[in-house]
Amino acid sequence: MRRLRNRLAGALLSVLALSLTSTGCGGSSEAAPGGGDPTSSPAGASVANRVEPLARKPEPRLPVTVPSADGERVTVRAAERIVPLSGSLSEIVFTLGLGDRVVARDVTATFEQAAKLPVVTRGHDVSAESVLSLRPDLVLAETTSGPEEAVDQIRAAGVPVLFVEAAKGLDDVGPRIEAVADALGVPAAGKELTRRSEQRIEAVRGDVPHGEEPRVAFLYLRGSASVYLIGGKDSGAGSLIEAAGAVDAGAASGLDKDFTAITSEALVKAAPDAILVMSKGLESVGGVDGLVKIPGVAQTPAGMDRRIVSVEDGVLLNYGPRTDQVLKSVVAQLYGEDGAK
């Protein structure tokens, strides 16, 4: 999620400025969870709110020196007090079986095993003071974690900070797992979890119905700020959409940017048969009933059929150990539980 937030930052600022100018005070209210008509939300397989650790708990063999995605080499001498700075990295550590060593979480780590840990982010930014107060011996960060000053402050305090390349698609699942496992001194567990994750993803792909290839548009919605964006070829969702046997409608319509402000013209050109959204984004516009009121949506095949695919924000684009569940949920909602829409 942090990768998505950073990718969206420039687009959000420009779109928000435009929306504030046009609406005067920022648009509709955020819908409360559980509010509205329950029949207006799409049905489908959900993603479990728990991670599934490996059967055998590994024992770290440290110290190790490993490459960091920021170009540095980081020596990890202990991993008794780990602070992952994204929900995705937390998910990997817990699934490797080392969750009992995690002492804090990012706001996006919402799965059950991590839910009671203290949060070390303010809004969406890392708080160096909060991290350092927990006396970590290792901090795991995304290449998009920030602000940079906070990360520099943590390093200046002598805490090793390992950067992991931000996920962009399904091909990143294995490399990210193995980068974290290597840094924790459990490379064999990393390879085992990579195999398990990739095998489960392939099993889901094998169940995808053939022949239809629906066009799916990924929309980023924040109704409280009147922010409505359509994903292009670098949105991060294309790999997932394609794995579900579908076509990324935004990319196919020629949207080269990560995200573009939704217009009726852009939606008509994309002509999606289905729309992929994050669950909180869907709630923020008032569910499916509110979504189809966004200009242009009702005129698309997806809007006319109310064919909406909704996945929890914290896992949709994580590309990690639960991605098979995400893909299964997308496929179930896209085609129906029995494989036929």
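Here the CD1 atom belonging to I177 is positioned 12.0 Å from the NZ atom belonging to K191, to the nearest 0.5 angstrom. Put simply, CG on D207 and OH on Y335 are 12.0 Å apart, with the number rounded to the nearest 0.5 Å. A distance of 8.0 Å separates CD1 in I275 from CD1 in I230, rounded to the nearest 0.5 Å.
The backbone N or O of A79 sits less than 3.5 Å from a side-chain atom of R101, completing a donor-acceptor pair. Remark: side-chain polar atoms of D172 are paired, donor with acceptor, to backbone N or O of G169 under 3.5 angstrom.
Classification of R205 and E202 as a salt-bridged pair holds, one side-chain N sitting under 4.0 Å from a carboxylate O. The pair R322-E312 does not meet the salt-bridge criterion, since no charged nitrogen lies less than 4.0 angstrom from a carboxylate oxygen.
Screening residues 69-115 for ring pair (Phe, Tyr, Trp, His ring centres under 6.0 Å), with sequence neighbours left out, gives F94-F111.
No donor-acceptor contact under 3.5 angstrom links the side chains of S329 and Q325, judged on distance only. Side chains of S279 and D313: a donor-acceptor N/O pair is present below 3.5 angstrom, by distance only.
Within 6.0 Å of the CG atom in N49, the count of heavy atoms belonging to other residues, nucleotides or ligands exceeds 12. Within a 6.0 Å radius of CD in E213, no more than 12 heavy atoms belonging to other residues, nucleotides or ligands are found.
A side-chain contact (heavy atoms from CB on, under 4.5 Å) with V93 holds for exactly one of V51, L98, V83; it is L98.
Contact between V161 and R155 at its shortest, heavy atoms only, is O-NH2, 2.9 Å.
In this structure the side chain of L219 reaches within 4.5 angstrom of the side chain of L291, judged on heavy atoms.
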